[in-house]
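Written below as structure tokens is the structure these notes are about.
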There are 2 protein chains.
Amino acid sequence: MKIDGIDKKIIRSLIKDARTPILSIARDVGISGAAIHQRLRKLEKSELIDGYQMMINPKTLGYNTIAFVGLFLENTAVLSSIIKRLKEVSEVVECHYTTGNFTIFIKVLCKNNEDLMRVLETKIKEIKGVVRFDTFTSLNKQIDRQVHV
Amino acid sequence: MKIDGIDKKIIRSLIKDARTPILSIARDVGISGAAIHQRLRKLEKSELIDGYQMMINPKTLGYNTIAFVGLFLENTAVLSSIIKRLKEVSEVVECHYTTGNFTIFIKVLCKNNEDLMRVLETKIKEIKGVVRFDTFTSLNKQIDRQVHV
DNA sequence: CCTGAAACTCCGTGATT
DNA sequence: AATCACGGAGTTTCAGG
């Protein structure tokens, strides 16, 4: 997949604000709206673009605690069924299968530390196959961005 | 901040696709476009909405490796200058100040394992104040979503 | 908090270079 | 791969219930 400077400008505009009108990008870039439209269609077809999302600020909903939790599993644990159970825990917003000390690594979003404890104790620890876990609580998110284009 | 069922429908539509026309949401919900527009303005003012982003699929650009890296710092390390240096490393897409074993926890996006090694050895290890780090490489992202609304 | 209507802007496509 | 032109659609604002 090769993208040129104009594509980069389109992408950067839309990463910053996905609702930027095509025509306004066109004016910025200096070519017609139809041309931008064509390029965008091509980018979407190439699967470089994985959709457009409204971003929610979790703090406004009272979610103030981010934690990363590494799970240690029993040797006999069935991975797919653990993933399935984790999907049912709405506080789990990311889940990775990893190398290193852990087997599964998750990112959890909770209201506060007590809520985090509750989620870990009543929802994560209860999952069959999970032996123990290590928790890293984020006090402050300093960087949050996408792949550099 | 209190949001009702209609707000939730608007938010869910736009999380799924930030470019969904207001009028199409209006038809779904069964009220006028102007009403949806008004609610959206209010949600934006409330800071519940943190913008709209085009989502890039890193794999299409050759970025196939996600790693979480916990950094151990010298006691004398100056946090703000380390953050500043990390911002200059484009592969670092998230950075948290954490409790637990580490001081700083980052998420890194690289082309492959060799690239990850290069970034860690030549860009992270070189930062003054960073003593050592633990790396967890994601083999597979199973869940990736936003706070539940 | 909603509606309908008006004015404005944008989108998507087809024909053309 | 860009342009223009055009009809259909979406956005935004406002007066009014």
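We use all heavy atoms of the structure for the numbers below, so side chains are in, but hydrogens, waters and symmetry mates are not. In what follows, chains are A, B, ... by sequence order, proteins preceding strands, each numbered from 1.
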Task: salt bridge (charged side-chain N to carboxylate O under 4.0 Å, His left out) contacts touching residues 13-29 of chain B (sequence neighbours left out) - done: none
Task: Sidechain-backbone polar pair: A/D115 side chain, A/N113 backbone, donor-acceptor under 3.5 Å - done: no
- [ ] At the 4.0 Å heavy-atom cut-off to chain A, mark where contacts on DNA chain C begin and end, going 5' to 3'.
- [x] C/dC10 to C/dT13
TODO: Using salt bridge (Lys or Arg N to Asp or Glu O under 4.0 Å) as the criterion, list what pairs up with B/D144, not counting sequence neighbours.
DONE: B/K141
TODO: List, by chain and then residue number, the residues other than B/L23 in its hydrophobic cluster (Ile/Leu/Val/Met/Phe/Trp/Tyr, side-chain heavy atoms under 4.5 Å); write none if there are no others.
DONE: none
Open item on the list: Can you list, in residue-number order, the parts of residues 28-38 of chain A that come under 4.0 Å of DNA chain D, counting heavy atoms only?
Closed with: A/I31, A/S32, A/A34, A/A35, A/Q38
Open item on the list: With rounding to the nearest 0.5 angstrom, report the CG to CD distance, B/L120 to B/E126.
Closed with: 11.5 Å
Show which side-chain atoms of residues 87-96 of chain B pair as donor or acceptor with protein atoms under 3.5 Å away, not counting sequence neighbours.
residue	atom	partner	partner atom	Å
B/E91	OE1	B/K123	NZ	3.3
B/E94	OE1	A/K107	NZ	2.9
B/E94	OE1	B/H96	NE2	2.7
B/E94	OE2	A/K107	NZ	3.3
B/H96	ND1	A/S138	OG	2.8

Open item on the list: Would you compute the distance between atom NZ of B/K59 and atom CG of B/L109 and round it to the nearest 0.5 angstrom?
Closed with: 10.5 Å
Task: Stretch residues 41-57 of chain A: residues that reach within less than 4.0 Å of DNA chain C through a heavy atom - done: A/R41
Open item on the list: Check whether B/Q146 reaches the backbone of A/M54 with its side chain - one donor and one acceptor, N or O, closer than 3.5 Å.
Closed with: yes
TODO: Kindly work out whether a path of hydrophobic side-chain contacts (I/L/V/M/F/W/Y, heavy atoms less than 4.5 Å apart) joins A/F133 to A/I127.
DONE: yes
Open item on the list: Would you compute the distance between atom CD1 of B/I124 and atom CZ of B/R118 and round it to the nearest 0.5 angstrom?
Closed with: 10.5 Å
Open item on the list: Between A/D4 and A/R39 (salt bridge meaning N to carboxylate O under 4.0 Å), is one present in this structure?
Closed with: yes
Task: Overall bend - the helix from C/dC1-D/dG17 to C/dT17-D/dA1, comparing terminal axes fitted on five pairs, nearest 10 degrees - done: 30°
Open item on the list: At a heavy-atom distance below 4.0 Å, what parts of residues 13-22 of chain B sit against DNA chain D?
Closed with: B/P21, B/I22
Open item on the list: Return the CD1 to CG distance between A/I3 and A/L43, rounded to the nearest 0.5 Å.
Closed with: 7.0 Å
- [ ] Using atom types as modelled and distance alone, determine if a side-chain donor or acceptor of A/Q53 lies under 3.5 Å from a backbone N or O of B/Y52.
- [x] no
Open item on the list: Between B/S24 and B/T20 (side chain of the first, backbone of the second, donor and acceptor by atom type, cut-off under 3.5 Å), is there such a pair?
Closed with: no
Task: Short side-chain to backbone donor-acceptor contact, A/S13 and A/I25, under 3.5 Å - done: no
Output side-chain donor-acceptor pairs under 3.5 Å for residues 69-84 of chain A, partner residues at least two apart or in another chain, one line each.
residue	atom	partner	partner atom	Å
A/E74	OE1	A/T76	OG1	3.4
A/S81	OG	A/V78	O	3.1

Open item on the list: Can you list everything that forms a ring pair (Phe, Tyr, Trp, His ring centres under 6.0 Å) with A/F136? Sequence neighbours excluded, please.
Closed with: B/F102, B/F105
Task: Opening and closing nucleotides of DNA chain D in contact with chain B, under 4.0 Å to non-hydrogen atoms - done: D/dG10 to D/dT13
